[in-house]
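For reference, the structure discussed in these notes is given below.
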Amino acid sequence: MNAYQKEVWFTIIMSAIFLVVGHSGLLFAMFPTDAMLFGFPVMYIVPILSGWFGVLILTIIAGAIGNKIDEAIERENEMKRAEAAEKKSSEGVN
């Protein structure tokens, strides 16, 4: 799989994960609970914490992985340029 395909799949998967983490409050709207966490009702504190810290952590992870994929794309582009230049120079010799 080339780097462009990896980037597309990475974007689709991370978008889905961001949607789940950022909208976890909908889970508590469908299944309400009376549990408490840190002195707050779970149906309020969990969506806030996952929305703030979950998205922050996912953003850091997505940035790191995205940078690696961008570097792989650059390497592939360099290889293609080198191959094209080599092909052009070999055609010019004949």
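Below, all heavy atoms of this structure are taken into account, side chains as well, without hydrogens, waters or symmetry copies. All residue numbers in this chain count up from 1 along the given sequence.
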Without placing hydrogens or testing angles, list every side-chain donor-acceptor pair under 3.5 Å for residues 52-74, not counting sequence neighbours.
| unit_1 | atom_1 | unit_2 | atom_2 | d |
| --- | --- | --- | --- | --- |
| Thr59 | OG1 | Val55 | O | 2.7 |
| Asn67 | ND2 | Gly63 | O | 3.2 |

Residues 22-47 side chain polar contacts: donor-acceptor under 3.5 Å, at least two apart:
| unit_1 | atom_1 | unit_2 | atom_2 | d |
| --- | --- | --- | --- | --- |
| His23 | ND1 | Leu19 | O | 3.1 |
| Ser24 | OG | Ser50 | OG | 2.7 |
| Thr33 | OG1 | Ala35 | N | 3.3 |

- Remaining members of the apolar cluster that contains Met79, side-chain heavy atoms under 4.5 Å: none
- Item | Test side chain to side chain donor-acceptor pair (under 3.5 Å) applied to Glu78 - qualifying residues, sequence neighbours left out | Arg81
- Task: Would you kindly confirm whether Leu49 and Val20 end up in one hydrophobic cluster when ILVMFWY residues are joined by side chain heavy atoms under 4.5 Å apart?
- Result: no
- Message: Determine whether a donor-acceptor pair (N or O, by modelled atom type, separation under 3.5 Å) exists between the side chain of Glu76 and the backbone of Asn2.
- Response: no
